[in-house]
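Following this message is one structure expressed as structure tokens.
Chain letters run A, B, ... following the sequence lines, proteins first, then strands; residues in each count from 1.
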2 protein chains.
Amino acid sequence: MAIARHRAGRERRPTLEQVAERAGVGRGTVSRVINGSPRVSDRTRVAVEAAIADLGYVPHRAARALAGNRADAVALVVPEPETRLFAEPYFASIIRGVSTELAEADIQLLLTLSSTATERERFAQYAAGNRVDGVLLVSVHGEDPLPELLAENGIPAVMNGRRSADESFPHVDGDNVGGARAAVRHLLERGAAAVATITGSRDMYAAQCRLDGYYAELAASGVDEDEGLVAHGDFSEEGGYRAMYELLGRRPGLDAVFCASDLTAAGARRALREAGRSVPGDVALVGFDDSAIARHMDPPLTSVRQPTEEMGRAMTRALLAEIAGEPAAAPGLILPTELVRRASS
Amino acid sequence: MAIARHRAGRERRPTLEQVAERAGVGRGTVSRVINGSPRVSDRTRVAVEAAIADLGYVPHRAARALAGNRADAVALVVPEPETRLFAEPYFASIIRGVSTELAEADIQLLLTLSSTATERERFAQYAAGNRVDGVLLVSVHGEDPLPELLAENGIPAVMNGRRSADESFPHVDGDNVGGARAAVRHLLERGAAAVATITGSRDMYAAQCRLDGYYAELAASGVDEDEGLVAHGDFSEEGGYRAMYELLGRRPGLDAVFCASDLTAAGARRALREAGRSVPGDVALVGFDDSAIARHMDPPLTSVRQPTEEMGRAMTRALLAEIAGEPAAAPGLILPTELVRRASS
DNA sequence: CACCGATGTGGGAGCGCTCCCACCGCGGCA
DNA sequence: TGCCGCGGTGGGAGCGCTCCCACATCGGTG
């Protein structure tokens, strides 16, 4: 029901009008100075700036938004079931990237957790209700109606990641294929004879890419594929644990495993320990995401890091461009990943 | 420089006026219905609600804010150097609590990362510029000028944690003393003969509380204090590592350690492993915060969990009450903590 | 010397709401 | 019957901006 009462004792802030009076100019001129219009003489600009400083004037956001038919704010939408995302450095640094980029443009960041599909539809409504200029989407699943809802309503939006190879929605993603290739190449270079992999959820495109990268690197290195070395996980620790046992049962001689996520690697590591295999002595292990777990595993886990902060910045820049009506250069942007070597391989 | 151009193709949303016309009433009446005023007859209310539904009307936030002299938004301020906070489930679930509570009140959440002290002052300016109705503060350090700046400007604010025992600023905190006591009691009950502790940064009040709890529980259990069993860390892994070696040097016979944070415990665990001590066989280990690391340590770490989601909700409720001008019931609120038992003890 | 465009500038007209005052109609009371 | 009070209602006035049109002013041009 929103906020009911006015606060007492909060002094009234100076208005444009007062600045204008003080500077001895008209309202329009002050507005021009504030918005960096070139159509103001230097002398006038200096005088206005002085008045602004004197009065400690700060533009009133709501008034600006109302008059200018914009919000000067963008929303970052996070699926509620995945607030675990917050627990990832991945996400933290995306936010940092978004935040710095927005600060430069003097645009506010609204954080929205949406749980149900209905709530996401409601959000599209709200977004349309002139509350935000654009939307940043994180962790979008295949069935999520939000991207299309936003598109229908003509609300600029950019998502993190892709839902398929030919994603038409504007997006910024890390190079999953390249990261997986680097990981596998690293294992091969270390002399691994049988490199296995534990995949992520099969219905997620990122998991598919990481598997593709695995195959691609093997092919490039002239190593024959062996389906017995591929086990399916679901990005979870438990999935990694089960898949590792599966692999050990099928190919006891394997000496390296590329896991589709750090959590998966943690599960695999547990299974390996139970099975009496040492890491990296018997089996070398590489994960993906470079999350907090990776650094704190025993031994610390080699992992693929995505340029997350830069991804946040890139998403934001793309969104601001879209909002400004600039024609999109490309539907999406793929940023390079990096292998972080630690003791597990 | 804010957003320059208008978007094309975005259909114009219906206004209050149009709803009024459709329902055959005046603007004021529709406004009353929207704001839940009791001074509307049932028949009129029904008619207006029907018109709202027909038109898919959504109030225009900026217009509301401007006319009503409020923002319907609160800011959550996170010190930039501590975006590592994001990587904590602690923080993630505070956000979840804040977010759900705000959603119920239909108030927006603004996320602000502020790095430097100057930037924090600038933020106080902005906050005063009618951008937000209130502010939530996380991870406030002793020298931070922001709380006082906000207070001077009469901006409602609530912080998470305390800077000292007699914190006068409105706050919500977890029961650090109680949590530490529970941890130590647990270790004693398991039969530990010599319970050591590794503290957090000495200049942080939370660290002091956890140490106080350690002493308090020992006293309550009739165990004599032994300064040799207390080593100082700084909440970091490296600090825990060093402190653990210090302890092992001084009291080789210790068989339990209460660590002021999970990260500290991870460092201690590494030192113990190097020293050939098993966990929990030789030494039982307990951490604090119940972070992601705790679950993924080997063995999984017993840790003290704070009711973080509830803390987020409580902070928000307190803030909304303050904004509404309700007299604060108490300067602060302390919520109980809980010991999560795992294999490390 | 009249005319013109390029610069600057002032200020009216809104943006979509909330607030509040005026007003209407009705029942109860003297 | 006349008057008061009150639940309900309409709509004017503004919130602080941006947009844009109108109006200087000034140096070239023909």
Quiz item: If you take atom types as modelled and just measure distance, does the side chain of B:Arg32 reach the base of D:dG10 with a donor-acceptor pair under 3.5 Å?
Solution: yes
Quiz item: What integer distance in Å separates A:Leu66:CG from D:dG16:P?
Solution: 12 Å
Quiz item: For A:Arg313, which residues count as a side-chain contact (heavy atoms from CB on, under 4.5 Å) partner, sequence neighbours excluded?
Solution: A:Thr100, A:Glu101, A:Glu104, A:Glu310, A:Arg317
Quiz item: Within this structure, what is the CZ-to-P distance between A:Arg39 and C:dT9, rounded to whole angstrom?
Solution: 11 Å
Exercise. Just jot down the side-chain hydrogen bond (donor to acceptor under 3.5 Å, both in side chains) partners of B:Thr44, sequence neighbours excluded, or say none.
Key: B:Ser41
Exercise. Give the rounded distance in Å between these two atoms: CD of B:Glu17 and P of C:dT18.
Key: 13 Å
Quiz item: Are A:Thr44 and C:dG8 close enough that a side-chain N or O sits under 4.0 Å from OP1 or OP2?
Solution: no
Exercise. Using atom CG of A:Asp42 as one end and atom C1' of C:dT9 as the other, report the distance to the nearest whole Å.
Key: 15 Å
Quiz item: Hey, is A:Arg70 close enough to A:Asp133 for a salt bridge, meaning N to O under 4.0 Å?
Solution: no
Quiz item: Which salt bridge (Lys or Arg N to Asp or Glu O under 4.0 Å) pairs, counting each pair once, include a residue from residues 46-56 of chain A, with sequence neighbours left out?
Solution: A:Arg22-A:Asp54
Quiz item: Has the side chain of A:Arg27 got a donor or acceptor that lies under 3.5 Å from a partner of the other kind on the base of D:dT18?
Solution: yes
Quiz item: A:Asn35 side chain N/O closer than 4.0 Å to the phosphate oxygens (OP1, OP2) of D:dT18?
Solution: yes
Quiz item: Considering only side-chain heavy atoms of B:Leu16, which listed nucleotide, C:dT9, C:dT18, D:dT9, is closest?
Solution: C:dT18
Practice problem: Take atom CD1 of B:Ile34 and atom C1' of C:dC19, then tell me their distance rounded to the nearest Å. | Solution: 15 Å
Quiz prompt | Contact nearer the 5' end of DNA chain D, comparing A:Pro14 with B:Gly24 | solution = B:Gly24
Exercise. Could you check B:Val77 against B:Arg120 for side-chain contact (heavy atoms from CB on, under 4.5 Å), going step by step and ending with a plain yes or no?
Key: CA-CA 9 Å; B:Val77 180; B:Arg120 286 172 93 74; 3.9 Å; yes
Exercise. Can you figure out which of D:dG10, D:dT18, C:dG16 approaches the side chain of A:Ala67 most closely?
Key: D:dT18
Quiz item: Given D:dC19, is OP1 or OP2 found less than 4.0 Å from the side-chain N or O atoms of A:Ser31?
Solution: no
Quiz item: In whole Å, what is the span from the CZ atom of A:Arg70 to the P atom of D:dT18?
Solution: 7 Å
Self-check item: Separation of C:dT18 P from B:Arg61 CZ (nearest whole Å)
Solution: 12 Å
Quiz item: Within this structure, what is the CG-to-P distance between B:Asn69 and C:dC19, rounded to whole angstrom?
Solution: 10 Å
Quiz item: Considering residues at least two apart in sequence or located in another chain, which fulfil the salt bridge (Lys or Arg N to Asp or Glu O under 4.0 Å) criterion with B:Arg163?
Solution: B:Glu148, B:Glu167
Quiz prompt | Heavy-atom side-chain proximity of A:Thr112 to A:Tyr126 below 4.5 angstrom | solution = no
Quiz prompt | DNA chain D-proximal residues of residues 48-59 of chain A, any heavy atom under 4.0 Å | solution = A:Tyr57, A:Pro59
Quiz item: What's the closest nucleotide to the B:Arg64 side chain, out of C:dG16, C:dT18, D:dT18?
Solution: C:dT18
Quiz prompt | side-chain contact (heavy atoms from CB on, under 4.5 Å) between B:Arg96 and A:Leu113, worked out | solution = CA-CA 8 Å; B:Arg96 198 188 295 128; A:Leu113 308 189; 4.1 Å; yes
Quiz item: Are OP1 or OP2 of C:dG10 and a side-chain N or O of A:Thr29 less than 4.0 angstrom apart?
Solution: yes
Exercise. Report the C-alpha distance between A:Arg61 and A:Asp106 in whole Å, list the side-chain angles of each, state the deciding distance to 0.1 Å, and finish with yes or no for side-chain contact (heavy atoms from CB on, under 4.5 Å).
Key: CA-CA 11 Å; A:Arg61 259 216 135 78; A:Asp106 193 25; 4.1 Å; yes
Quiz prompt | Rounded (10°) bend between the five-pair end axes of the helix from C:dC1-D:dG30 to C:dA30-D:dT1 | solution = 60°
Quiz item: Can you tell me if CD on A:Glu21 sees more than 12 non-hydrogen neighbours from other groups inside 6.0 Å?
Solution: no
